[in-house]
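Shown next, in structure tokens, is the structure this report addresses.
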Amino acid sequence: MYLRLKRYHFHNYANSWQINNNIDIIYGQKINNIEKICIYVPGGNTIYPSSIYMNSIPSLIYKPNFIYMVSPIKNGIISNTILSISYINKINKIIFSGGVHTLSCVVFGTKNIMKVDKLTGPGNYYITKAKKFFFGSVGIDMLAGPSELIIICDGFIHPNVISFDFFSQLEHDINASCYFFTNNKKYLNLLYTKIYKLLLFQKNKKIIFKSLKNSILLFNKINNLLEIINFLAPEHLMICIKDSNKIIKKIKNCGAIFISYKTSETYGDYVIGPSHVIPTNSTSKYFSSLNTYDFCKKIGFIKIYNNKYCKILSSFFSKMEKFFSHSFSSIIRK
């Protein structure tokens, strides 16, 4: 798992670059790591070792100087699994405490806790709101949580499969949501019945039952659904129709796409490659899932040999914008 995920994220690795124009200019871009990061790993109700992999491995490509991990624990019991996986993923220090109060410690620093440069990771409603509030004092990856899934199905898949896709999404927590869209009204009614029959046998049925209030089952034409999907910009999109390629080409806003009934959203949570830290609440319109670029900075640089061309243009635009000192700063150089 570690090697598969690292191989996936290494494809996003970008080198510093430089272009030499021997007559006029040297310019380029220097890429540096973000030195101190903190990953948030949920853990109030159970342990989430997968979130350690999904948060830390993209960061390891650019080798940060220090990695904190913040994770709450239940009943004061520290998991050996969490400790061993943290070691594998080169976590430098673990704070076994969760919540907004702990995040504030790593954001602003304390006597014993170093201030970090960037905060990443999924969380519940309160953690997501806290990350939004802290942004500016610290960098954040995105707003990730609570989890959400949209399923498009044309009715050619056994309803038991789709029912368990529902359950796997909704058992995250009571604020998780799942939307199901189909153009087959008979199948829609069958799925509705199956969900409530199978729900009785689920171990996390109390959580699932509460989160079902956030779910929608909708009958509509497939083509009409594309506008809805691009508007909602879901965290996860599962496409279970025969001609999925036409649909995929028209999807503009989405965190991750799972194609065909054989591709469970659960695979993306654990083993495939892309991080399961994905933007929610329509923020995939401007955020991407957690990736290597979240852990580096790009710094542009220039060196001028012959500044005649730059003088003329810089002075012209400076005067147009009424920044006259800019203009003098440009033309005074020989």
> Residues two or more places apart in sequence or in another chain: which of them pass ring pair (Phe, Tyr, Trp, His ring centres under 6.0 Å) with Y2?
Replying inline: none
> Which pairs with one or both residues in residues 53-95 pass ring pair (Phe, Tyr, Trp, His ring centres under 6.0 Å), sequence neighbours excluded?
Replying inline: Y13-Y62, F66-Y68
>> Between S16 and Q29, is there a side-chain donor-acceptor contact under 3.5 Å, judged purely by atom types and distance?
In response: no
>> Would you compute the distance between atom CG of D154 and atom OG of S244 and round it to the nearest 0.5 angstrom?
In response: 10.0 Å
> Which pairs with one or both residues in residues 109-120 pass side-chain hydrogen bond (donor to acceptor under 3.5 Å, both in side chains), sequence neighbours excluded?
Replying inline: N55-T120
>> Which residues end up grouped with F316 if you chain together Ile, Leu, Val, Met, Phe, Trp and Tyr wherever their side-chain heavy atoms are less than 4.5 Å apart?
In response: Y309, L313, F317, M320
> Does F167 have K205 sitting over its ring (NZ/CZ under 6.0 Å from centre, angle to axis within 45°)?
Replying inline: no
>> Under a 3.5 Å distance rule, please check whether Y125 uses its side chain to pair with a backbone N or O of N175 as donor and acceptor.
In response: no
May I have the list of side-chain donor-acceptor pairs in residues 196-204 shorter than 3.5 Å, sequence neighbours left out?
from : atom 1 : to   : atom 2 : distance (Å)
Q202 : NE2    : L198 : O      : 2.8
N204 : ND2    : E171 : OE1    : 2.8

> Which other residues belong to the hydrophobic cluster containing Y8, where Ile, Leu, Val, Met, Phe, Trp and Tyr are joined when side-chain heavy atoms lie under 4.5 Å apart, directly or via other members?
Replying inline: none
>> Test of understanding: with salt bridge (Lys or Arg N to Asp or Glu O under 4.0 Å), list the residues that count as partners of K246, not counting sequence neighbours.
In response: D243
>> Would you compute the distance between atom OG of S215 and atom CG of L149 and round it to the nearest 0.5 angstrom?
In response: 9.0 Å
> With side chains defined as the heavy atoms from C-beta onward, is the minimum distance between I229 and L237 less than 4.5 Å?
Replying inline: yes
> Is a side-chain N or O of H236 found less than 3.5 angstrom from the main chain of E148, in a donor-acceptor match?
Replying inline: yes
>> If we ignore hydrogens and angles and just use 3.5 Å, is the side chain of S284 paired with the main-chain N or O of A233 as donor and acceptor?
In response: yes
> Listed by chain and number, what are the ring pair (Phe, Tyr, Trp, His ring centres under 6.0 Å) partners of F287, not counting sequence neighbours?
Replying inline: none
> How many angstroms lie between atom CG of L225 and atom CG of N230, to the nearest 0.5 angstrom?
Replying inline: 11.0 Å
> According to the interplanar angle, ranging from 0 to 90°, do the rings of F166 and F180 count as parallel (below 30°), tilted (30 to 60°) or perpendicular (above 60°)?
Replying inline: tilted
>> Just verifying a value: how many Å separate I247 CD1 and K242 NZ, rounded to the nearest 0.5 Å?
In response: 15.0 Å
>> Test of understanding: with ring pair (Phe, Tyr, Trp, His ring centres under 6.0 Å), list the residues that count as partners of F134, not counting sequence neighbours.
In response: F108
> Listed by chain and number, what are the ring pair (Phe, Tyr, Trp, His ring centres under 6.0 Å) partners of F324, not counting sequence neighbours?
Replying inline: none
> Quick check: does any side chain N or O of S275 sit under 3.5 Å from a backbone N or O of M54, one acting as donor and the other as acceptor?
Replying inline: yes
>> Using modelled atom types and a 3.5 Å cut-off, is there a donor and acceptor pairing between side-chain atoms of T193 and backbone atoms of N189?
In response: yes
> Going by atom types alone, do S327 and S318 pair a side-chain donor with an acceptor below 3.5 Å?
Replying inline: no
>> Just to verify, what does D165 make a salt bridge (Lys or Arg N to Asp or Glu O under 4.0 Å) with, not counting sequence neighbours?
In response: none
> Can you list every ring pair (Phe, Tyr, Trp, His ring centres under 6.0 Å) pair that touches residues 262-282, not counting sequence neighbours?
Replying inline: none
>> Assess, by modelled atom type and distance only, whether the side chains of S147 and E235 contain a donor and an acceptor separated by less than 3.5 Å.
In response: yes
